[in-house]
Protein chains: 4
Amino acid sequence: MPRGAARSEAAHAAILASVASLVDRVGYDAVTIEGIAAEAGVSKQTIYRWYPSKSAIIAEALVEGRLLGEDFTIPDTGDTAADIAAWLEHVLTFLASRNHAALLSSLVAASVDSPEIGLRISERLGLGGPTIAERVQRATDAGELSPVLSPDQIDQLIVGVIMMRALGRNPYEQGEARRLVGALLEVTG
Amino acid sequence: MPRGAARSEAAHAAILASVASLVDRVGYDAVTIEGIAAEAGVSKQTIYRWYPSKSAIIAEALVEGRLLGEDFTIPDTGDTAADIAAWLEHVLTFLASRNHAALLSSLVAASVDSPEIGLRISERLGLGGPTIAERVQRATDAGELSPVLSPDQIDQLIVGVIMMRALGRNPYEQGEARRLVGALLEVTG
Amino acid sequence: MPRGAARSEAAHAAILASVASLVDRVGYDAVTIEGIAAEAGVSKQTIYRWYPSKSAIIAEALVEGRLLGEDFTIPDTGDTAADIAAWLEHVLTFLASRNHAALLSSLVAASVDSPEIGLRISERLGLGGPTIAERVQRATDAGELSPVLSPDQIDQLIVGVIMMRALGRNPYEQGEARRLVGALLEVTG
Amino acid sequence: MPRGAARSEAAHAAILASVASLVDRVGYDAVTIEGIAAEAGVSKQTIYRWYPSKSAIIAEALVEGRLLGEDFTIPDTGDTAADIAAWLEHVLTFLASRNHAALLSSLVAASVDSPEIGLRISERLGLGGPTIAERVQRATDAGELSPVLSPDQIDQLIVGVIMMRALGRNPYEQGEARRLVGALLEVTG
DNA sequence: ACCTAAGCGAGACGGTACGTCGCGTCTTACA
DNA sequence: TGTAAGACGCGACGTACCGTCTCGCTTAGGT
């Protein structure tokens, strides 16, 4: 059994809280390890003891829900098209409010040199369990839908739209999500 | 009329050549102003005289075709769907070769802090003239196509796919572009 | 006979005026060639055409009386001790007023790497013609004085006092010059 | 009680050693912070952590005896005039050898912008304890001497001679110190 | 009345050094 | 042994001046 003081949960929490606050206020790029340490009242060494890099802290903050804190789980009501449309609307609406698009785009930039962050963003956006591709596949197998495009392509197109919105800051147009999903899934009704 | 010595075209060209070479060799993030200056045989001050930041240099290198040098103009043969499919295939094939996806994704990350770069990337990818949305709109007006989605949505979906590919490094699957464009534009043939 | 435009006296004068003003305002060290050029409305090239260095400009400004502009000629009334005392009093009084000590000390600092400046300062302080040593020698030869110290030593001591005053910023005490000169020249009266 | 790592004595010593060596080799003006850092194998930041400016480093090097390392303490044998004469001879002889006059004059120039340096030079030359003025005062009170000039004036004259020597680079003449001190202190013997 | 060789302002250029920031590693003293 | 504090070597930042070098204009003798 290890001797000496145990890992300080207070320090741990302070780090995550500070990094979330800083990312929100100044953006990912302008966040520095020294800034986090100062804001959290923690020594740099403590940070480096638990995290190998700035992006690892961000990744954990994502997992802990300190960033992108809302619940973006894809609902499961039996109507796959409606579920996905509702979820997409939720995501796009979220991006259109406050500086959430800026937050997400700075995280996307971060994910370029940290695949981990990309993965955590996906999870946070509700894609941690069954992905859109899987949902579509299942619905197709069940005869619920018969889309022209493959489930993977549909997944990619929808996530691509989210990315474009995060990067481009376009406003959200009422009903857009429903129309898009409807078209992609060939929901004729 | 401006007085004083004119801007040195030699220095100008050397800067752009060096930045292109460096981005290619070490990646966007690892490029430094001092590195550019050293490689170009130019003083830092000369760089700062003409560019406010690293991203401005990248933006100009993009405009000058020193990065993403290929011709990605969307063809115009009369068949809009085929034109766009051919163009998309070209872009996706390009991204699948060498370290081009890494290059583009690092540029996308850069564009988060520099809208200018985002704009120049679009231009370089052939979207500087009539956009996909415009092409689709024109074809729809001419009765050539009657897609379910709006031209803007189609545009966004297609560009979104390119982004996803750049960020995700998936390989390109033969014929993918054609299938995707076909489905989005409702080309039943 | 030379052809082409003649040296611009306007530029010449503007340079000297600016350098004098700048030395007075910011001190020798903080004066820059670029600052002079900007203040004088003159190009750097024009300055370098006529002066090899900053200290050369200072030297000329001294010669022209733009710095240390007062007349410090040693009087010649026949009474050597009184002459020197009067002169010394004049110099020390000058140093005690305004920021003249600061000016002189910055010039002394300049003279460390520019003997030319040292020479010009001496001239300006009235030592350009017969030096103190020469005056004392002459008075000694004439039987007017019979000092214990050699003329050169006396000269050095008196100039040394001026230096100390310039460097040390002590205030001037009424009658000090007279007492000092009296003692050094053994004027018993 | 201060926490954190203590100041590195190794770095501290290396800085002082380097600055002493550089001043000796290239002269005060040509010494740069970057040069010191490179020579000492120390980062610039470490230098700036402890010293606000180049002159502060010089001041400390003076205090530590890395520059003007000789012992210039004024002796105290009971014979004040002889003590001062011996000390002055020591100083003037020192200045006449090697490039010591150049060293001192560059330090004097530096002291124009840094009173601290001026103070440290005085201390180094043996004037840190009882000054010449104090020694003369004491001797006068004891009836040992009865000089015409005030102790302060004598002090100033003697130090002025040292300055003149430093700035003027005259050679030292055998016995000069003794004659000078003799005359100023009215030692008739 | 033209040349044409200076002089001139403006200012770009390759450099060197500045003083600052943040990195990731380390050392110290305390709990 | 974990922690806050903080020093350290390092690399890059963006700025200030250096002294040299074009530019295009003005000026004024020589033909």
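Chain naming here is simple, since letters A, B, ... match the order of the sequence lines and numbering starts at 1 in each. Treat the numbers as computed from the prediction; the structure is a model and nothing was measured.
Both A30(B) and W50(D) lie near DNA chain F, and the one whose nearest nucleotide falls closer to the 5' end is W50(D). Residue order along DNA chain F, read from the 5' end via each residue's closest nucleotide, puts Q45(D) first among Q45(D) and I33(B). Comparing A40(B) and K54(D), the nucleotide of DNA chain E nearest to each residue sits closer to the 5' end for A40(B). Mapping Y48(A) and H12(C) onto DNA chain E by nearest heavy atom places H12(C) closer to the 5' end of the strand.
Here dG22(E) presents its P atom at 15 Å from CD1 of I57(A), a figure rounded to the nearest Å. Atoms CD (E9(C)) and P (dT27(F)) sit 16 Å apart, rounded to a whole Å. When the P atom of dA17(E) is taken as reference, atom OH of Y28(D) falls 15 Å away, rounded to whole Å. One can place CD1 of I36(C) at 11 Å from P of dG19(F), the figure rounded to the nearest angstrom. Note: CD1 (I47(D)) to C1' (dT20(E)) measures 14 Å, nearest angstrom. Residue E34(A) contributes atom CD, which lies 12 Å from atom C1' of dT25(E) at whole-angstrom precision. One can place CG of D29(B) at 13 Å from P of dA12(F), the figure rounded to the nearest angstrom.
For K44(B) and dG14(F), a side-chain-to-base donor-acceptor distance below 3.5 Å is present, hydrogens and geometry of angles not being considered.
If you check dG22(E), dA4(F), dT25(E) against the side chain of T32(A), the one that comes closest is dG22(E). You'll find that the side chain of S43(C) is closest to dA10(E), out of dA10(E), dC8(E), dT27(E).
Put simply, T46(B) has a side-chain N or O that comes within less than 4.0 Å of OP1 or OP2 on dG14(E).
In this structure, I33(C) and I57(C) have side chains that are in contact, with non-hydrogen atoms separated by less than 4.5 Å.
A salt bridge does not link D24(D) to R66(D): none of the charged nitrogens lies less than 4.0 Å from a carboxylate oxygen. Comment: D113(A) does not engage K54(A) in a salt bridge, judged by the lack of any side-chain N to carboxylate O separation of less than 4.0 angstrom.
Among the heavy atoms of the strands lying under 4.0 Å from G41(B) are primed sugar atoms or P, OP1, OP2 only; no base atom is included. At a threshold of 4.0 angstrom between heavy atoms, the contacts of R49(B) include nucleobase atoms, whether or not backbone atoms are also involved.
If you check the side chains of S18(C) and S21(C), you find no donor sitting under 3.5 Å from an acceptor. Side-chain N/O atoms of E64(B) and H12(B) include no donor and acceptor closer than 3.5 Å.
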